[in-house]
Amino acid sequence: MKIFRNRTFFVCMTFIAFVGAWSCSDDDSSGGVAPTAAITSIEPASADYGDTVTITGTNFNDAILGNTVKFNGIEAKILSATVTQLTAEVPVGGSTEGGVLVETYASAAASNTVDITVTSALIVSLSTTDGDPGKSITITGANFSTTPSENQVEFNGSDGTVTASTATSLTVTVPVFSTGDLTVTVNGITSNALEVKYVGPELTFISFPLADSDDDAEESLLDGNVTTTSSDLELGEFDTFEREDGKPAGLQIVGILFRDVTLPDGAILGSVAIQFQVDDDGKSPCQMTIYGEDVGNAALYEGAPAFNMSSRTKTSKSVVWDVPEWPEVGDRGDDQKTPELKKLLLEIMGRSDYANGNNVNFIMEPTGPSADATENDQGRETESGKGDDSPTLVIGYVQG
C-alpha cells in the first residue's frame with residue numbers, strides 16, 4: 001500500500017510539472033477537475049493570419065502545454081501563458097468572424113467563445129478541384145479584394161489569372177501547373193490552402209544535373225568564405241568542419257548553379273524544382289528560404305572570392321522550404337525535392353538580358369528554426385558535386 005501511495009505521489013508531481021499548478025491532493029473537493037477557463041477579452045479584435053493576439057480571462061493554465069486555443073476549431077500556436085492571460089498566433093484559415101475558445105488540460109469543459117475578425121483572405125470552397133489549363137475555377141470565401149489584380153491566386157506556385165472578383169468570390173483562369181495547393185494572397189497575406197489536381201496535358205520533364213563539381217557552393221555566415229570543394233551541402237546545419245584558418249564553417253548559405261538551361265521553343269512551364277539526395281539522416285526542424293539570382297546569365301562560383309554568394313542580387317520572389325525529415329542515407333524522393341520554384345525561374349526568364357540556354361543560379365538561406373542553429377545535427381546534409389547523386393534541376397513543361 002505504501003508503494004502504491006508513493007507512486008501516486010510521483011505521478012501527480014510529474015503531472016504538475018508538465019501542465020502547471022493543478023492540485024491532485026486526496027482532499028481536492030473538485031474531484032481532480034480544474035475550474036473551467038473563461039475569456040473576458042481578446043486584443044486586438046481584428047487581426048491577420050500569423051498575428052499575435054492576447055487573450056485575457058481566468059482559470060487558464062500557467063504552462064503553455066496545459067492550454068489549447070482554437071479559432072473556429074483550428075488550433076493556434078500558444079506563445080506564452082499565465083493563469084489570466086494567453087498570447088497566441090492566429091492560425092491560417094482559423095476564422096473570418098467566429099468563436100475563439102480556450103481548453104485547459106484538466107478542466108471538463110471549454111471556455112466561452114469570443115468573436116474575433118480575421119481580415120486575411122479565406123477560401124471556403126472551389127467550384128471544382130480539377131484544374132484544367134485555360135478553363136475557369138470559381139473560388140468562394142471571404143476578404144478578397146474587389147479589384148481583380150489585387151488578388152494573387154497560385155496553383156502550387158503557378159499564377160492564375162483573376163478575371164472577376166467580389167469580396168466573397170473570385171473567377172480564375174487556370175494556368176499550367178503541377179498538382180498541389182491553391183492559395184489566395186491579398187495585401188501580402190496568404191490564405192489557407194485547398195488542393196487542386198492538374199488535369200491538363202501531361203507534363204514533359206527535363207533534368208539538368210550539375211555540369212561541374214564547382215557549381216554548388218557554400219558561403220560561411222561567420223566570415224563570408226566561399227568553398228566549392230565540400231563533399232556535401234549543409235542545409236540549415238552548423239558545420240563544425242575546421243578550415244585552414246582553424247575556424248568552423250558554421251551556418252552557411254548554399255548556392256546551386258545550373259549551366260546551359262535550355263528549353264524547347266514554345267515550352268510553357270508547369271513545374272520547377274531541385275532534387276536532392278540524402279548524404280546523412282536528419283530529423284530536427286529545418287527551414288531554408290530559396291531565391292533565384294536576379295541576373296540573365298549567372299557567373300560561375302569557381303574561384304569565387306569571399307561574400308561572392310551573399311553579394312549577388314536575389315529575385316524579389318522567394319520560396320520557403322520546411323524540409324521534411326530525411327531518415328535514410330541515399331533517399332532521393334519527394335521529401336528531398338524543393339517546393340515549386342517556377343515563379344523564381346519565370347522572374348529570371350522575364351529579364352531583358354536572359355536568353356534560352358543561359359546559366360541559372362539558386363541561393364538557399366537558413367531561416368526560421370535553422371536561422372540560429374549551433375549544432376551540426378540541426379539541419380540536413382545533401383550530396384554535392386557532379387554525378388548521378390548531385391542536385392538536379394527538374395523542369396516540367398507542355399509544348400505551346
Side-chain angles (χ1 to χ4, degrees), residues 152 154 156-159 183 185 188-190 208 210-211 214-228 230 233-237 239 249-261 269 271-276 286-323 337-373 379-380 382 384 391-395:
Q152 181 186 4
E154 289 193 3
N156 194 19
S158 297
D159 288 334
T183 59
T185 300
I189 306 296
T190 300
F208 299 91
L210 289 186
D214 288 331
D215 289 346
D216 51 6
E218 296 168 302
E219 177 184 312
S220 170
L221 289 175
L222 294 177
D223 58 12
N225 182 74
V226 176
T227 178
T228 62
S230 177
L233 300 173
E234 278 76 22
L235 307 182
E237 180 176 273
D239 192 351
L251 268 174
Q252 298 168 110
I253 306 172
V254 174
I256 306 173
L257 187 146
F258 298 98
R259 304 189 191 194
D260 308 326
V261 177
L269 296 186
S271 175
V272 178
I274 300 174
Q275 177 70 63
F276 293 101
C286 177
Q287 185 185 96
M288 302 295 287
T289 297
I290 308 171
Y291 300 86
E293 183 182 352
D294 192 16
V295 65
N297 191 27
L300 303 181
Y301 281 114
E302 186 176 4
F307 299 104
N308 181 266
M309 195 179 304
S310 57
S311 64
R312 298 187 181 210
T313 303
K314 296 178 293 188
T315 53
S316 62
K317 295 182 172 62
S318 62
V319 173
V320 176
W321 186 18
D322 290 307
V323 189
K337 184 182 291 185
T338 66
E340 276 297 331
L341 306 180
K342 175 181 171 180
K343 59 186 177 182
L344 308 185
L345 184 55
L346 286 176
E347 184 173 341
I348 296 169
M349 293 173 65
R351 292 178 54 93
S352 61
D353 58 346
Y354 174 82
N356 192 22
N358 281 1
N359 301 335
V360 175
N361 183 40
F362 295 92
I363 298 171
M364 306 174 66
E365 299 182 353
T367 54
S370 299
D372 300 313
R380 305 288 183 270
T382 178
S384 68
T392 300
L393 181 65
V394 182
I395 299 177

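Because the structure is a prediction, the values reported are computed rather than measured.
Although no hydrogens or angles enter the test, the distance criterion places no donor-acceptor pair under 3.5 Å between the side chain of Asp294 and the main chain of Thr313. Here the side chain of Glu219 pairs a donor or acceptor atom with the backbone of Met309 at under 3.5 angstrom. Looking at Thr315, its side chain never comes within 3.5 Å of a backbone N or O of Leu344 through a donor-acceptor pair. Side chain of Glu347 to main chain of Lys317: a donor-acceptor pair is present (N/O by atom type, distance under 3.5 Å, no hydrogens or angles). Not a single donor-acceptor pair under 3.5 Å links the side chain of Asp216 to the backbone N or O of Ile256. Within the 3.5 Å criterion, the main-chain N or O of Gly379 finds no donor-acceptor partner in the side chain of Glu234.
Looking at heavy atoms from C-beta onward, Val323 lies out of side-chain contact with Ser370 at the 4.5 angstrom threshold. Under the 4.5 Å side-chain criterion, counting only non-hydrogen atoms from C-beta, Met288 is not in contact with Arg380. The shortest side-chain heavy-atom distance between Leu341 and Ile274 falls under the 4.5 Å cut-off.
Between Phe276 and Trp321, the ring-plane angle classifies as parallel under the 30° and 60° cut-offs.
Arg312 forms a cation-pi arrangement with Tyr301, by the criterion of a distance under 6.0 Å to the ring centre and an angle within 45° of the ring axis.
Annotation for Ile348 and Gly292: closest pair CD1-CA, 4.1 Å, computed over non-hydrogen atoms. Between Gly236 and Cys286, the closest heavy-atom pair is CA-SG, 4.4 Å. Taking every heavy atom of both residues into account, Pro305 and Val226 meet most closely at O-CG2, 3.5 Å. The shortest non-hydrogen separation linking Ala298 to Leu257 is CB-CD1, 3.7 Å. The minimum heavy-atom distance linking Gly296 with Asn358 is given by the pair O-ND2, 3.0 Å.
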Working for side-chain contact (heavy atoms from CB on, under 4.5 Å), residues Glu302 and Thr228: CA-CA 7 Å; Glu302 186 176 4; Thr228 62; 5.8 Å; no
Go through it in stages, so that I can follow the logic: the residues are Asn297 and Tyr354, the test is side-chain contact (heavy atoms from CB on, under 4.5 Å), and I'd like the CA-CA distance, side-chain angles, deciding distance and then a yes or no. CA-CA 6 Å; Asn297 191 27; Tyr354 174 82; over 6 Å; no
Begin from the C-alpha positions of Val254 and Thr382 and carry the test side-chain contact (heavy atoms from CB on, under 4.5 Å) through to its verdict. CA-CA 11 Å; Val254 174; Thr382 178; over 6 Å; no
Can you list the steps and then say if Gln287 with Thr367 is a side chain to side chain donor-acceptor pair (under 3.5 Å)? CA-CA 6 Å; Gln287 185 185 96; Thr367 54; 2.8 Å; yes
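Looking only at atom types and distance, the side chain of Ser158 has no donor-acceptor partner in the side chain of Glu340 under 3.5 Å away.
Around CG of Asp372, the count of heavy atoms belonging to other residues, nucleotides or ligands within 6.0 Å does not exceed 12.
With Glu218 as the fixed residue, the side-chain contact (heavy atoms from CB on, under 4.5 Å) test singles out one of Leu235, Thr227, Asn225: Thr227. Screening Ile253, Ile290, Val319 for a side-chain contact (heavy atoms from CB on, under 4.5 Å) involving Met364 leaves a single residue, Ile290. Between Arg259 and the choices Asn361, Asn359, Asp215, the side-chain hydrogen bond (donor to acceptor under 3.5 Å, both in side chains) rule is met once, by Asp215. Checked options Val360, Asp260, Leu393; the residue passing with Phe208 is Leu393 (criterion: side-chain contact (heavy atoms from CB on, under 4.5 Å)). Asp159 pairs in a side-chain hydrogen bond (donor to acceptor under 3.5 Å, both in side chains) with only one of the listed residues (Lys342, Gln152, Lys343), which is Gln152.
Expressed to the nearest 0.5 Å, how far CD of Gln275 lies from OG1 of Thr392 amounts to 7.5 Å.
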